[in-house]
Amino acid sequence: MSDVSPLEMEVAKLIIRTLTLKVDPAQIHPEAPLFGDGLGLDSIDALELSLAISQSYGHQIRSDDPDTVATFASLRSLCQSIEKHRTK
Amino acid sequence: MNSAALLGPYHADRVLAWENGQPMTYGRFLSDVGALADLLPEKPTVINLADDRYRFLVGFAAALVRGQTTLLPPSRAPGALAQIAREYSNSYCLVDGTQHIESLPSYQIPKGTRSPTDSAKVPQIPVDHPAVVAFTSGSTGPPHPHSKTWGSLVAIARSTGARLGLKTSDQMTVVATVPHQHMYGLEASIMLPLQHGMAFHVGRPLFPEDVRLALQNVPSSRMLVTTPLHIRACVTARSPLPPLECMLSATAPLTRSLAKQAETLFHTTVYEVYGFTEAGSLATRRTIDGNSWHVLDGITLHREAAGCSVHAPYLRGPIPFPDLVSLQEPYRFVLHGRGEDLVNIGGHRGSLSDLSQKLNEIEGVQDGVFFLPDDTGTSVTRLIAFVVAPGKGAEHILSALRTVIDPVFLPRPLHLVPCLPRNETGKLTRDALLGLMQDLQKKERHGI
């Protein structure tokens, strides 16, 4: 997993901690879908995760922002969005 | 036959719906309904999958005009939709996007096909027409249908509006975070505005920032129809919401402290509505005032040998509460939690025995059970499953489950175990399952 950035590893840990998932952070493939078939997350998780992200990085996630339509598509897209909008 | 109008006071140029800051008027709505009603097939039942609240309502109203019944599937999981489609095979599907049901013919809900006329007549719908069928999951077999008459939907909308002090002159706009295919969403975000000359926002905001933008994109005065989950998110995010007349919450109990925080932070009044699928909304409270619920006008409560029941002129007979309640006076009651089998995860109600049965129907599963651990108070408590399935991986079982149950009920985690701690009569007690969970957690901590 050499292609995982430090931020991706940090956010993977945040996801696991926030959603009490039973996976190893290294098992979250950065380009695998977070929802549906991937980690199987749902909209309650998205809401919980958005709060954790706003608290940790000051990024308020919106679902209608054209840039962030794909935010939750994968760990990598989520991290790109955090990188772009973070205030902390 | 008695009938009730499709909508409350009618003014053709009053706004019914807001989409991206663009108004759609009641006049336009009636012409859209008329146009669609002419196109619908001759079938008794319809599954309306429209995501857009306005299009859903156009489809729902056109079906009413044609004397048809809208089915409200218990979830959008493909397996759940397919099951309803099998039970009601002479149905069709109304859609506004790409989701459809394989076995049923689909019709797109158009918008603005005819130009609105000022002289449109408001349709009258017979009060005993079965307007919708909602479903609850029972302990065995397929979901149980509950038919709702048009008269009951209208009566509940009017009594809820009266309780909240809504006046048609207020021209309030509803923004809702809940789906309109759900009884609470249908009652509070469709029927309530429709019967009071109010407007709604067509979308369904999820994140606090979505909620803020949706509220900002509609004129005052505003009402947020939502759940404890979304209220907690908005409070935690300290969203700078625009002026908000009131919030209405349902699907799960709201704590007094969270309601107080929301009232202070957003300078609003937080009401809760209590109901269940079989009876519809039946009581309200202002959460900070205390834990007792005040029943809506027209409803009476009765204590019976087996528990309490709800009576109303629009219900066919007394309906027992699924929750444990104690009556305080004829029109007030206090809730004391749910029966053991019922769970509520993020507003979705399910039955543990029904979920366990679906788990046991999966190929390769020899024994399995769903379990709700104690509430930790921090975030939404999720279900756990213990499964005996030699040679099968957790992923195989999870992907099979995903097709038959609502995703909120997916176990987190799913533990594969060699056997379940059944007692000599074959029963699984809560204590035995709690013990199993603690053993597994201990082993995990020690890296076994």
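As the structure is a prediction and not an experimental result, all values here were calculated from the model. Each chain gets a letter, A, B and so on, in the order its sequence line appears, and its residues count up from 1.
- In terms of heavy-atom proximity, Ile61(A) sits nearest to Phe207(B) at O-CB, 3.3 Å.
- Residue Arg212(B): no heavy atom, backbone or side chain, is found under 4.5 Å from chain A.
- Within a 6.0 Å sphere centred on CG of Asp24(A), heavy atoms belonging to other residues, nucleotides or ligands number more than 12.
- Contact record, Leu206(B) with Ala46(A): CD2-CB, 4.2 Å, taken as the closest heavy-atom pair.
- Counting heavy atoms from C-beta on, the side chains of Arg232(B) and Leu47(A) never come closer than 4.5 Å.
- Taking both residues in full, the closest heavy atoms of Asp210(B) and Arg62(A) are given as OD1-CA, 3.2 Å, listed atom of the first, atom of the second, then distance.
- The two residues Leu19(A) and Arg412(B) make their nearest non-hydrogen contact at O-CD, 3.6 Å.
- Shortest non-hydrogen contact noted between Ala233(B) and Leu51(A) is O-CD2, 3.3 Å.
- For Asp96(B), there are no side-chain hydrogen bond (donor to acceptor under 3.5 Å, both in side chains) partners at least two apart in sequence or on another chain.
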Quiz prompt | Derivation of the side chain to side chain contact (heavy atoms under 4.5 Å, CB included) call for Glu209(B) and His59(A) | solution = CA-CA 10 Å; Glu209(B) 186 62 3; His59(A) 169 29; over 6 Å; no
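- To the nearest 0.5 Å, atom CZ of residue Arg238(B) and atom CD of residue Gln60(A) are 12.0 Å apart.
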